[in-house]
Amino acid sequence: MSKLRVRFAPSPTGPLHIGGARSALFNYLLAKKNNGDFIVRIEDTDRDRSTPESEENIKDSLRWLGITWNEGIDVGGSYAPYRQMERLETYRNLAQKLIDEGKAYYCYCSEEEIERERAAQQEKGETPHYSGKCRNLTEEERKALESQGRKPVVRFRVPAGEQIHIPDLVRGDVTFDSDGVGDFVIMKSDGIPTYNFAVVVDDYTMEISHVIRGEEHLSNTPRQVLLYEALGYPTPKFAHISLILGKDRSKMSKRHGSVSVVNYKEQGFLPEALVNFLALLGWSPEKEEEIFTLEQLVEEFSLDRVSKSPAVFDMEKLRWLNGQYLRKLPIEDIAAGILPHLSPEWQNDPARLNLLAETMANHLSCFADIKELTPLIEGEMPEANEQVQEVMAGEQVPVVLQVMADKIKEMAEFTPENIRAAIKALCKETGYKGAAVYMPIRAAVTGECHGPDIDKIMALMGKEKVLARLEAAYK
RNA sequence: GGCGCGUUGGAGAAGUGGCUUAACUCACCAGCCUUUCACGCUGGCAUCCAUGGGUUCGAAUCCCAUACGCGUCACCA
């Protein structure tokens, strides 16, 4: 049996998209699971939109997610080069071969002419197709056209009345009629291949055994299958995975918020959590457990547990999942994670930063959440809400707050431990306990009736500020 | 409009003719824990599988229509 080889072949026209990341992941999982090769190839034939920055972003994002490739750009391999613009020779030779065999032909129609044709067909309610005008040009006709300065494209001659079967590992067999596809361009007028031609050539020459990609490519597949046949290549196995949808059930796009992997990185999501979440979108584990490391995913993954129907991206679940991973992290890592979302001063006091991390850990879904939490200790006293007013109206309140303030003044070190001990002593001395003492203190210090542990909050706030608030409250 | 794919709860989904009185996870609700919130724990949450027909002793599971959703129809990938 030949080796399983899969590939992720993005075009570098923007940052790595969440859907692309999932395609990459599924390819990666299948490869690892079967001891195969995972290749990353760059489809950069769109000269107008491809940028080196995008390629860097895609590579960085994949690496950040832990999706590594054992062959392809940067790492090399025996099927190099792995950038399509570096493989033009191959495409040109093969296109020539198709022309020589009469399976493809030069077309001199201008884009305007084609556009006019399309519009006319559309008006008549027909499916827009290339008319086949240049299908049988003679040598003289070609010369004449060329002397007008026209640069030809190469079109593939689509056979008529053929049923095209696509064996798809997730969708079953899908059939298309060749009459539904017009003669399509395989080489643009500038000598660069189109996507449909380049993928086929590359997938074959790189000996790709399984093509796993998004469902949006399904309707392209008949063209590619036709090309495989014309070139005399065996077709690989296909697996078209369903789309990721936004909340409104349309294909996930910028309108739905963060779509690129870096967005999630910047917001302080953990790569392990994102990978786990992405895997659960369209694939379901056999077991009841849903939390998996990449290694476990490799172990559990199987294409026949991939769903046919599209999945809605549920931010709430991602946040929950991320929180699960985040809470397992050592305090130092959480501290490091929240630091970029904090004002710069925090950098200078690692002990205090660690205390902050420890205090807030349970309240974070992702690191950026810290921004909503710090006002509690750094911000101004919020206006007293109804609940706070109610708490502060208790008859024990002045005594409790005053004793607390006194104890704080005597405190040598303002630490959570000392604060806790002081509250305990306060209970003993005053005879008040439980909510009767904790609530007024919390309300007086934070202006809220709930939040993280009050001893830690106070320690983070600092002696001065706490004392000032306490005194302001009982005077 | 043509072609293609899909449709199980608010979301992800299991389920492939009887073991399903439809797993599990998120969300939601309730209780417990806790000074409070959060974390955590326990329990609840689809008499029903888009709709209508059919096949069958028996259907979410097979067949046919209809509806709805999405994708795609480029010298973009």
Side-chain angles (χ1 to χ4, degrees), chain A residues 9-13 43-46 48-50 84 107 109-111 114-115 118 122 124-130 151-155 166 168 170-172 174-177 179-182 184-196 198-199 213-222 240 242-243 245 247-251 277 280-291 305 307-321 323-324 327 360-364 387 391 423 427 433-443 446 448-454:
Chain A
S11 58
T13 53
E43 312 218 322
D44 52 355
T45 53
D46 183 342
D48 295 334
R49 296 194 303 148
S50 295
Q84 293 186 327
C107 166
C109 299
S110 69
E111 292 191 56
I114 299 282
E115 188 46 54
R118 219 197 320 270
Q122 207 124 37
K124 279 189 273 175
E126 292 171 6
T127 308
H129 272 166
Y130 175 62
K151 280 252 191 297
V153 300
V154 178
R155 281 184 190 275
I166 298 163
D168 191 294
V170 350
R171 332 201 77 88
V174 182
T175 306
F176 288 86
D177 194 328
D179 293 338
V181 343
F184 55 93
V185 176
I186 59 174
M187 291 296 268
K188 309 180 207 173
S189 55
D190 57 4
I192 294 173
T194 59
Y195 160 75
N196 280 121
V199 243
R213 72 222 316 190
E215 199 197 321
E216 68 265 34
H217 289 285
L218 185 55
S219 39
N220 266 318
T221 312
H240 288 94
S242 59
L243 265 14
L245 270 29
K247 265 220 134 41
D248 64 354
R249 305 209 128 255
S250 68
K251 185 174 162 184
F277 178 70
L280 259 16
L281 245 36
W283 170 81
S284 64
E286 215 159 336
K287 308 195 175 124
E288 300 192 338
E289 194 60 35
E290 285 202 330
I291 298 187
R305 295 195 68 84
S307 156
K308 295 187 224 261
S309 51
V312 173
F313 189 96
D314 183 3
M315 195 57 172
E316 282 307 311
K317 186 156 182 179
L318 205 212
R319 288 175 58 79
W320 170 80
L321 203 48
Q324 295 295 312
R327 251 159 252 127
M360 303 301 190
N362 275 348
H363 296 256
L364 298 173
Q387 215 182 345
V391 167
I423 295 177
C427 291
K433 59 179 179 180
V437 357
Y438 279 93
M439 286 309 274
I441 294 174
R442 176 184 290 280
T446 68
E448 298 279 356
C449 286
H450 45 76
D453 295 346
I454 191 62

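Below, chain A is the first sequence line, B the second, and so on; all start at residue 1.
Taking atom CG of residue Asp453(A) and atom P of nucleotide U36(B), one finds them 12 Å apart after rounding to whole Å. Put simply, CG on Leu281(A) is 8 Å from P on G12(B), counting in whole angstrom units. Between Tyr195(A) atom OH and C76(B) atom P there is a gap of 14 Å when expressed in whole angstrom units. Put simply, CD on Glu43(A) is 19 Å from P on A74(B), counting in whole angstrom units. The distance between atom CG of Asp168(A) and atom P of G4(B), rounded to the nearest whole Å, is 15 Å. To the nearest angstrom, P of A74(B) lies 16 Å from CD of Glu216(A).
Searching all strands for a Watson-Crick or G-U wobble partner of C68(B) with both distances below 3.5 Å returns G6(B). Nucleotide C24(B): paired with G12(B) (Watson-Crick or G-U wobble, both distances less than 3.5 Å). The nucleotide A59(B) finds no pairing partner, because no Watson-Crick or G-U wobble arrangement with both distances shorter than 3.5 Å includes it. Base pairing of C19(B): no nucleotide in any strand meets the Watson-Crick or G-U wobble criterion (both distances under 3.5 Å). G1(B) and C73(B) make up a base pair, with Watson-Crick or G-U wobble contacts both under 3.5 Å. Of the nucleotides present, none pairs with C49(B) by Watson-Crick or G-U wobble criteria with both distances under 3.5 Å. Under the Watson-Crick or G-U wobble criterion, with both distances below 3.5 Å, U42(B) is paired with A30(B).
Lys188(A) has a side-chain polar atom (N or O) that falls below the 4.0 Å cut-off from OP1 or OP2 of A77(B). Between A74(B) and Arg155(A), no contact under 4.0 Å exists linking OP1 or OP2 to a side-chain N or O. Note on Lys251(A): a side-chain N or O is less than 4.0 Å away from OP1 or OP2 of U72(B). In this model, the phosphate group of A77(B) is not approached by any side-chain N or O of Thr13(A) to a distance below 4.0 Å at OP1 or OP2. For A38(B), neither phosphate oxygen OP1 nor OP2 lies less than 4.0 angstrom from any side-chain nitrogen or oxygen of Arg327(A). In this structure, Gln324(A) reaches the G40(B) phosphate: one of its side-chain N or O atoms is under 4.0 Å from OP1 or OP2. The side chain of Arg319(A) places no N or O atom within less than 4.0 Å of a non-bridging phosphate oxygen (OP1 or OP2) of C26(B). Between Thr45(A) and A77(B), a side-chain N or O to OP1/OP2 separation shorter than 4.0 Å is present.
Of the candidate nucleotides G12(B), A77(B), G71(B), G71(B) has the atom nearest to the side chain of Leu243(A). Closest to the Pro128(A) side chain, of the nucleotides G71(B), A74(B), C3(B), is A74(B). When distances run from any side-chain atom of Met439(A) to the nucleotides U35(B), C24(B), C76(B), the shortest one goes to U35(B). The side chain of Arg171(A) has G6(B) as its nearest neighbour among G6(B), A14(B), A23(B). The side chain of Val174(A) has G4(B) as its nearest neighbour among A11(B), G4(B), C75(B). Considering only the side chain of His363(A), C37(B) comes nearest among C75(B), C37(B), U72(B). Taking the side chain of Asp46(A) as heavy atoms from C-beta on, and the options C70(B), A77(B), U36(B), the nearest nucleotide is A77(B). The side chain of Ser219(A) lies closest to U72(B), out of C5(B), U35(B), U72(B).
Here the separation of A60(B) from A50(B), taken at their P atoms, is 10 Å to the nearest Å. To the nearest whole angstrom, the two P atoms, one in G44(B) and one in A22(B), are 13 Å apart. For the C1' atom pair drawn from G52(B) and C57(B), the interatomic distance equals 23 Å after rounding to whole Å.
Using a 30° and 60° split on the angle between ring planes, Phe277(A) and Phe313(A) fall in the perpendicular class, above 60°.
No donor-acceptor contact under 3.5 Å links the side chain of Glu215(A) to the base of G6(B). In terms of polar N and O atoms assigned as donor or acceptor, the side chain of Ser189(A) comes within less than 3.5 Å of the base of C75(B) in a complementary pairing.
If you check the side chains of Thr194(A) and Asn196(A), you find no donor sitting under 3.5 Å from an acceptor.
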Show each protein N/O and nucleotides 27-32 of chain B N/O combination with a separation under 3.5 Å, one pair to a line.
none

